[in-house]
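Just so you know, these numbers use all the heavy atoms, side chains as well, and skip hydrogens, waters and symmetry mates.
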Amino acid sequence: MAWTKYQLFLAGLMLTTGSINTLSAKWADTFSAKGCRDVPEHSFSHPFVQAVGMFLGELSCLAAFYILLCHDRRSPEPKMNPASFSPFLFFAPAMCDMTATSIMYVALNMTSASSFQMLRGAVIIFTGLLSVAFLGRRLLASQWIGILITIVGLLIVGLADFFSGHKDDHKISDVITGDLLIIMAQVIVSVQMVLEEKFVYKHDVHPLRAVGTEGFFGFFVLSLLLIPMYFIPVGEFSNNPRRVLEDALDAFCQIGHQPLILLALLGNTVSIAFFNFAGISVTKEISATTRMVLDSLRTLVIWVVSLGLGWEQFHGLQVLGFLVLLLGTALYNGLHRPLLARIPWCAGMVTEEEESSSGERERLLNNGRVQADAES
């Protein structure tokens, strides 16, 4: 079935804003400017300030939710369900999001934008394992194979970073540290996703409201944490002149001396808001499978743009790593099923796998309803 113009718009919006999100964050890291009190020109290295901007973008999703809710209530047949729940249910996922995002922005300053995006694929490994341990989910054979293939892809991307020559000032040790930090952050992201899945199934929370609520907590908690971070010395771990965990004042001074930094930060903030909206809309209007494909395609876009801008050099191993990661992601998310369904002797196996997957989703939904009834 051909896509409508609106569906094409949503797919293009998700691909574009998803790519801009990572590229704008990396663009901010490429700038150098003077700091406060006549501090000499130095690189813009403020990952926690960037994370605050990202949470501001997520927070705007809450405003989008209430706008949609008001519009829905005016329609003859309202469809949106403003579920009643305590916002503090999302405090723990928000803290996971805050920690993981901050770590990833630190890592992005150490490694390339393409490796950053590719290594984020590690999230399916930890999400799969944690969902088995804490949600009682049973993974299909294709999902286990997808996890194993993803591990191989991560090793290939890591080797590509180790052997590739970097045109920037990053040492190999910094690049490898950045890669490891990204993978470590995915462990935290997987905890966040498992917690979100548990709460969304249980309370039927609209995704935009969930993202916005987490953005609210992340924005205000991290904004407050910038105050003690200003006084915490971390030595060589930090790239700002005062060698503290985060120097927000220095960030604002650099923005004043180089306004393009503000443009990059705004690009990150605005893109994350539209990316969340587009992703949710693609799932609703097209399918979750299409969302996964578009999410993989933005990795390719980021890599090509980074090469074109001269932010990194081409390396064949990275191509292989991307393809292997793409295969692992496809198997884990069931993207192989439509292809295998066309093969006569595989059609039965695909049908059985789809029934098993549907039954697992229904079981999780029922578990959520039973638990909610028990607590009400």
Side-chain angles (χ1 to χ4, degrees), residues 15 18-19 22 96-97 100-101 103-104 107-108 111-135 137-164 175-197 279 283 287-303 306 315-340 350 353-354 356-357 360:
L15 183 60
S19 303
T22 298
C96 291
D97 193 7
T101 300
I103 291 173
M104 285 192 284
L108 183 58
T111 190
S112 64
S114 60
S115 293
F116 170 84
Q117 193 63 40
M118 290 182 195
L119 292 172
R120 291 177 70 175
V123 71
I124 69 171
I125 300 172
F126 306 112
T127 302
L129 295 177
L130 288 177
S131 64
V132 169
F134 296 104
L135 296 179
R137 174 175 293 170
R138 292 186 294 272
L139 297 184
L140 303 172
S142 60
Q143 291 178 307
W144 285 113
I145 295 172
I147 287 175
L148 292 175
I149 292 175
T150 300
I151 293 173
V152 174
L154 293 173
L155 292 173
I156 295 173
V157 173
L159 286 173
D161 278 343
F162 183 80
F163 290 116
S164 64
V175 173
I176 299 302
T177 300
D179 289 351
L180 292 175
L181 284 174
I182 295 168
I183 293 175
M184 184 177 74
Q186 301 320 301
V187 179
I188 303 172
V189 171
S190 65
V191 174
Q192 173 195 345
M193 294 178 71
V194 169
L195 290 173
E196 287 175 346
E197 184 169 331
T283 301
S287 69
T289 301
T290 302
R291 184 176 182 176
M292 290 296 113
V293 172
L294 293 172
D295 203 46
S296 298
L297 284 177
R298 73 179 177 125
T299 303
L300 180 61
V301 172
I302 291 167
W303 181 49
S306 297
H315 200 283
L317 267 180
Q318 202 171 39
V319 180
L320 178 61
F322 170 71
L323 294 175
V324 173
L325 285 172
L326 190 63
L327 177 61
T329 303
L331 285 172
Y332 185 84
N333 290 290
L335 304 187
H336 62 290
R337 293 171 192 163
L339 180 63
L340 292 180
V350 171
E353 189 174 272
E354 287 179 341
S356 177
S357 180
E360 184 66 15

Exercise. Quick one: side-chain hydrogen bond (donor to acceptor under 3.5 Å, both in side chains) pairs with a partner in residues 176-192, sequence neighbours left out?
Worked result: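 Qualifying pairs, neighbours excluded: Thr111-Asp179, Gln192-Glu196, Gln192-Glu214.
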
Problem set entry | Where at least one partner belongs to residues 316-326, residue pairs that pass side-chain hydrogen bond (donor to acceptor under 3.5 Å, both in side chains), sequence neighbours excluded |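 For residues 316-326, and leaving out neighbouring residues, the side-chain hydrogen bond (donor to acceptor under 3.5 Å, both in side chains) pairs sorted by first residue read Ser114-Gln318, Ser115-Gln318, Trp303-Gln318.
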
Do [X] and [Y] make a side-chain contact, defined as non-hydrogen atoms from C-beta onward lying under 4.5 Å apart?
X: Val189; Y: Arg120; value: no
X: Ile183; Y: Phe126; value: yes
X: Leu154; Y: Ile125; value: yes
X: Thr150; Y: Tyr332; value: no

To the nearest 0.5 Å, what is the distance between [atom1] on [X] and [atom2] on [Y]?
X: Leu180; Y: Leu119; atom1: CG; atom2: CG; answer: 9.0 Å
X: Leu139; Y: Trp144; atom1: CG; atom2: CH2; answer: 5.0 Å
X: Phe322; Y: Leu300; atom1: CZ; atom2: CG; answer: 4.5 Å
X: Leu129; Y: Ile147; atom1: CG; atom2: CD1; answer: 5.0 Å
X: Gln117; Y: Ser19; atom1: CD; atom2: OG; answer: 8.0 Å
X: Met118; Y: Leu325; atom1: CE; atom2: CG; answer: 7.5 Å

By side-chain hydrogen bond (donor to acceptor under 3.5 Å, both in side chains) - contacts of [X] (at least two apart):
X: Thr127; value: none
X: Arg298; value: Asp295
X: Thr101; value: Asp97

For this session: Report the residues that fulfil side-chain contact (heavy atoms from CB on, under 4.5 Å) with Leu317, sequence neighbours left out, ordered by chain and then residue number.
Result: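 In terms of side-chain contact (heavy atoms from CB on, under 4.5 Å), with neighbours along the sequence ignored, Leu317 is linked to Ile156, Leu159, Ala160, Phe163, His315, Leu320.
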
Exercise. What residues, two or more places apart in sequence or in another chain, satisfy side-chain contact (heavy atoms from CB on, under 4.5 Å) together with Leu327?
Worked result: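 Partners of Leu327 by the side-chain contact (heavy atoms from CB on, under 4.5 Å) criterion, ordered by chain and then number, come out as Ile149, Leu331.
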
Which atoms form the tightest heavy-atom contact between [X] and [Y], and what is the distance?
X: Cys96; Y: Ile188; result: O-CG2, 3.3 Å
X: Ala107; Y: Ile182; result: CB-CG1, 3.4 Å
X: Val187; Y: Leu130; result: O-CD1, 4.4 Å

